[in-house]
Amino acid sequence: MNDTEVDRIAGIVAGLRHGFERGVTRPEAWRREMLRRLRALLMERGAEFEAALYQDLGKSGAEAQLTEIGFLIAEIDHALARLHGWMRPRRVGVPLAVQPASARVVPEPLGVALIIAPWNYPLMLALSPAIGAIAAGNAVVVKPSELAPATSHLIASTVPDALDRRAVAVVEGGVPQTTALLEQRFDHIFYTGNGRVGRIVARAAAEHLTPTTLELGGKSPVYVDDSVDLPQVAMRIAWGKFMNAGQTCVAPDYVLGSPRVLRALGPLLAEAIHHLYGSAPDRNPDYGRIVNDAQFERLVGYLSDGEVLVGGGHDAAARFIEPTVLRGVARDAAVMRDEIFGPILPLVEVSDLDDALAFVTARDKPLAAYVFSDSAEARDRWERETSSGALGFGVPVLHLVAPELPFGGVGESGSGAYHGERSFRVFSHEKAVLSKPLAPDTLGATIMPPFTPQKEALVRRWLRRLL
Ligand code: NAD
């Protein structure tokens, strides 16, 4: 147990606030130095991070590099290359009625940020928002997930030492620690996890009028029609679904298709899974494990919600569940109500595109939706008629790698978005700065009382044309 003592938490946050108020975090040089040090830590101790991720999730080294360590390094490089431009005040125009004057938008740090991370990408989701917070000049406290204890501890024992303890802290623990953190006043809370806790975070934040970013989950649908190359589609769906053993917030949750498409897709998914993980995924080091016994039991419970078409094997001692495809799943089965968040992929029959769109729009807005169709009309209708955090044509998951694309949810899948410059903006206040000379006086003769008939005429008739 490495939990932070609850009664130390107020002091930790006060220390960070002191650091922020002394101006430690504001200089561009400090921000750059922190990002460089974090980069160096990830490079130099990459093997330890890989080992921790393997311990928590059976994550392979290659997957750990691809989706966590390398992802963070790329994000740091992106920020370092652009930070100067992001920080630069932006000159904007003013309407004629305000002239002469000059106006600028000046990004300033918010203060002390709290980042609460989940267990499924326990390194990336703890540090990726922190990169934005630091780049924007904030002090930051990171609370990694207690359900990925090896990674949580490695973050806690390396990051504050490598960076700057005056402005960067890590609190380890679960509900008691997070509850104590949420009693403190922060300037932004960035939470990634499930919607139940998202509501707890939002309520606590409201108490201090603290803005939040809520990165939540949901059931991300896939739609496939018969206009596309189904073997390639099966590979892409299987890749997106079974990476990290299905424990990915933007993983394809289920597949919608006509009976004919699903009949053809089933065996192709079996081939794709075999291609990716071989005939014995339990012995394949590229295939992950379920994070804990409770999640394992929950997932195994779904196996009886349909007919097992592929996989279905599982081993409680190893928390292993084979990549599994279910068919004949009732629309109201438990596996179709909850976010699956594991390696089980239901195939759900729809009669046509209308039926698929109606199915998705009747449910919570998902974090992502994926469409495999060459029909311009189908693609267009998905884009116009459904709402989701992201929409992928032809590929799942990959949108999160493009730093110019906002990454976030809508409705039940969250609010706010980050990545790239947006991560900097999330943790910045855009201050409006207007500067008007005292002379010539353009206000007394126009908009200030006493309102003479001439001034009133001006206000009534043409001032709005000058605005
Ligand atoms: P989790 O159980 O690790 O919880 C997330 C965080 O909330 C942890 O740090 C935990 O300590 C804290 N927490 C738990 N209970 C709390 C309470 N009562 N009060 C205060 N804090 C509490 O992770 P999880 O929620 O199981 O994560 C999985 C969910 O996260 C899925 O729904 C998934 O889709 C979603 N997710 C979303 C994204 C995204 O970027 N949008 C990314 C990953 C996961």
Side-chain angles (χ1 to χ4, degrees), residues 2-4 6 9 56-57 67-68 71 114-130 132 141-149 151-152 155-156 170-184 186 189-205 207 212-220 241 243-253 290-292 294-296 298-299 337-342 364-368 388-390 397 399-401 405-419 422-423 426:
N2 300 298
D3 289 359
T4 307
V6 167
I9 286 175
D56 287 331
L57 289 150
T67 62
E68 306 229 32
F71 183 94
L114 169 62
I115 293 166
I116 305 174
W119 50 264
N120 61 330
Y121 289 86
L123 180 67
M124 190 267 277
L125 292 170
L127 296 186
S128 170
V141 50
V142 177
K143 213 301 283 173
S145 177
E146 72 280 19
L147 301 181
T151 311
S152 171
I155 293 172
V170 175
V171 166
E172 279 201 275
V175 176
Q177 285 74 12
T178 320
T179 305
L181 277 168
L182 288 172
E183 283 164 10
Q184 309 302 310
F186 290 96
I189 301 178
F190 193 107
Y191 167 78
T192 307
N194 67 73
R196 183 185 61 79
V197 177
R199 285 169 168 79
I200 295 174
V201 170
R203 266 184 228 116
E207 207 48 53
T212 58
T213 303
L214 301 176
E215 296 281 343
L216 311 178
K219 292 181 82 63
S220 296
K241 176 72 184 187
M243 153 197 319
N244 203 27
Q247 301 162 113
T248 302
C249 55
V250 287
D253 190 275
I290 306 308
V291 67
N292 58 31
Q295 292 289 334
F296 176 86
R298 180 181 68 83
L299 289 163
R337 282 197 307 269
D338 314 329
E339 176 183 1
I340 298 171
F341 219 54
D364 290 337
K365 293 178 181 178
L367 190 55
S388 51
V397 180
H399 59 279
L400 75 81
V401 181
L405 283 176
F407 183 74
V410 54
E412 278 290 321
S413 55
S415 59
Y418 70 131
H419 283 183
R422 257 179 211 87
S423 297
V426 163

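Whatever order the structure lists them in is the order used to number ligands and atoms, beginning at 1.
Here the closest non-hydrogen pair linking Val250 and Ala368 is CG1-CB, 4.3 Å. The minimum heavy-atom distance linking Ala130 with Val142 is given by the pair CB-CG2, 4.3 Å. Between Val401 and Phe71, the closest heavy-atom pair is CA-CE1, 4.4 Å. Scanning all heavy atoms of the two residues, the minimum distance from Asp338 to Lys219 falls at O-NZ, 2.6 Å. Annotation for Leu182 and Ala204: closest pair CB-CB, 3.7 Å, computed over non-hydrogen atoms. A pairwise comparison of heavy atoms in Leu405 and Arg422 identifies C-NH1, 3.9 Å as the closest pair.
For the residues Phe407, Trp119, Tyr191, Phe341, the heavy atom positioned nearest atom 26 (O) of ligand 1 is part of Trp119. The closest heavy-atom contact to atom 29 (C) of ligand 1, among the options Cys249, Gly217, Gly193, comes from Gly193. Compare Ala417, Gly218, Ala204, Ala117 by their heavy atoms: the one nearest to atom 6 (C) of ligand 1 is in Ala117. Among Ile340, Val197, Val201, the residue whose heavy atom sits closest to atom 15 (N) of ligand 1 is Val197.
Contact annotation for Asn120 and ligand 1: only side-chain heavy atoms (C-beta onward) come within less than 4.0 Å of the ligand. Heavy atoms of Gln177 found under 4.0 angstrom from ligand 1: none, in either backbone or side chain. When heavy-atom distances to ligand 1 are checked against a 4.0 Å cut-off, Leu216 comes that close only through its backbone atoms N, CA, C and O. Counting heavy atoms under 4.0 Å from ligand 1, residue Thr192 touches it through both backbone and side chain.
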Without placing hydrogens or testing angles, list every side-chain donor-acceptor pair under 3.5 Å for residues 119-128, not counting sequence neighbours.
{"from": "Asn120", "atom 1": "ND2", "to": "Gln247", "atom 2": "O", "distance (Å)": "3.1"}
{"from": "Tyr121", "atom 1": "OH", "to": "Thr248", "atom 2": "OG1", "distance (Å)": "2.5"}
{"from": "Ser128", "atom 1": "OG", "to": "Glu75", "atom 2": "OE1", "distance (Å)": "2.8"}
{"from": "Ser128", "atom 1": "OG", "to": "Glu75", "atom 2": "OE2", "distance (Å)": "3.3"}

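Counting only heavy atoms of the protein, atom 12 (C) of ligand 1 lies nearest to Ile116 CG2, 4.1 Å. Here the heavy atom of the protein found nearest to atom 2 (O) of ligand 1 is Leu147 CD1, 3.4 Å. Annotation: atom 10 (C) of ligand 1 to nearest protein heavy atom, Glu146 OE1, 3.4 Å. Nearest to atom 3 (O) of ligand 1 among the protein's heavy atoms is Ser145 OG, 2.6 Å. Protein heavy atom nearest atom 31 (C) of ligand 1, with residue, atom name and distance: Glu339 OE1, 3.5 Å. Counting only heavy atoms of the protein, atom 21 (N) of ligand 1 lies nearest to Thr178 CG2, 3.1 Å. Looking from atom 18 (N) of ligand 1 to the surrounding protein, the closest heavy atom is Ile200 CD1, 3.5 Å. In terms of protein heavy-atom proximity, atom 27 (O) of ligand 1 is closest to Pro118 CB, 3.6 Å.
The stretch residues 405-414 participates, sequence neighbours left out, in these side-chain hydrogen bond (donor to acceptor under 3.5 Å, both in side chains) pairs: Arg199-Glu412.
Residue Tyr418 holds its OH atom at 5.0 Å from CD of Glu215, rounded to the nearest 0.5 Å. Between the NZ atom in Lys365 and the CG atom in Leu216 there is a gap of 14.0 Å [rounded to 0.5 Å].
In terms of polar-atom proximity, Gln295 is not counted as a contact of ligand 1, lacking any N or O under 3.5 Å from an N or O of the ligand. For ligand 1, one of its N or O atoms has an N or O atom of Asn194 under 3.5 Å away. Every N/O-N/O distance between Tyr418 and ligand 1 stays at or above 3.5 Å.
Judged purely by distance below 3.5 Å, without hydrogens or angles, the side chains of Ser152 and Glu172 pair a donor atom with an acceptor atom.
Ligand 1 is never approached by Gly414 to a heavy-atom distance shorter than 4.0 Å.
Counting only distance, with no hydrogens or angles, the side chain of Thr212 and the backbone of Leu214 share no donor-acceptor pair below 3.5 Å.
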